[in-house]
Amino acid sequence: MLETTCPENTISFLNDSVEDLLEELSCNETSVLVGGFRITNNTDRTQTFYPFSSTVPLERNVLQPGSSKDTSGNYILFNSSRNSYVPKLQEVDPTGQYQFGTQGNQTFVSGINQFF
């Protein structure tokens, strides 16, 4: 966390215009800086997935319902069925935001649009 404080009777070496530039980054801004995407589990089940790219090795990740995680990669491998094992490989934007969802017996990953 980036915070500037000035106790009473002290001199700040930063003028007001510079202090206005100092602020805490949001999780979205931080994710872009470190080069990763955010994924949220919006299902009622634990989701296991494997993000990877040519420079990011395949690594097992587990998300509990309602939780989110920042991770790296250009692809995500996950099980697209709630009843059996049906692996699905999906390309992702390495700086995007995604969510797991379900429809019937199918599990899917979809992008989340943000408007600034």
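The model shown is predicted, which means the values in this text are computed figures rather than measured ones.
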Within the distance-only criterion (no hydrogens, no angle test), does the side chain of Ser80 pair as donor or acceptor with the backbone N or O of Val86 below 3.5 angstrom? yes
Holding to side chain to side chain donor-acceptor pair (under 3.5 Å), I want the full list of residues that pass it with Asn79, two or more places apart in sequence or in another chain. none
Which residues pass the side chain to side chain donor-acceptor pair (under 3.5 Å) test with Asn42, sequence neighbours left out? Gln99
Which residues pass the side-chain contact (heavy atoms from CB on, under 4.5 Å) test with Pro57, sequence neighbours left out? none
In this structure, is the centre-to-centre distance between the rings of Phe108 and Phe100 below 6.0 Å? no
How long is the span from the CD1 atom in Ile76 to the CG atom in Leu89, to the nearest 0.5 Å? 9.5 Å
Contacts satisfying salt bridge (Lys or Arg N to Asp or Glu O under 4.0 Å) that involve residues 86-103 (not counting sequence neighbours) are none
Count I, L, V, M, F, W, Y as connected when their side-chain heavy atoms are under 4.5 Å apart, and connections chain through other members. Are Val109 and Leu77 then in the same cluster? no
Nearest 0.5 angstrom please: Ile39 CD1 to Asn61 CG, how far? 9.0 Å
Does any part of the side chain of Tyr98, heavy atoms only, come nearer than 4.5 Å to the side chain of Val92, both counted from C-beta? yes
Restricting to pairs with a member in residues 46-61, which pass salt bridge (Lys or Arg N to Asp or Glu O under 4.0 Å), not counting sequence neighbours? none
Side chains of Pro65 and Asn41: does their closest heavy-atom pair fall under 4.5 Å? yes
Tell me which donor-acceptor pairs under 3.5 Å the side chains of residues 45-54 have, and how far apart each pair is, sequence neighbours excluded?
residue, atom, partner, partner atom, Å
Arg45, NH1, Arg82, O, 2.9
Thr46, OG1, Gln64, OE1, 3.0
Gln47, NE2, Thr43, OG1, 3.2
Ser53, OG, Thr55, N, 3.3
Ser53, OG, Thr55, OG1, 3.4
Ser53, OG, Val56, N, 3.1

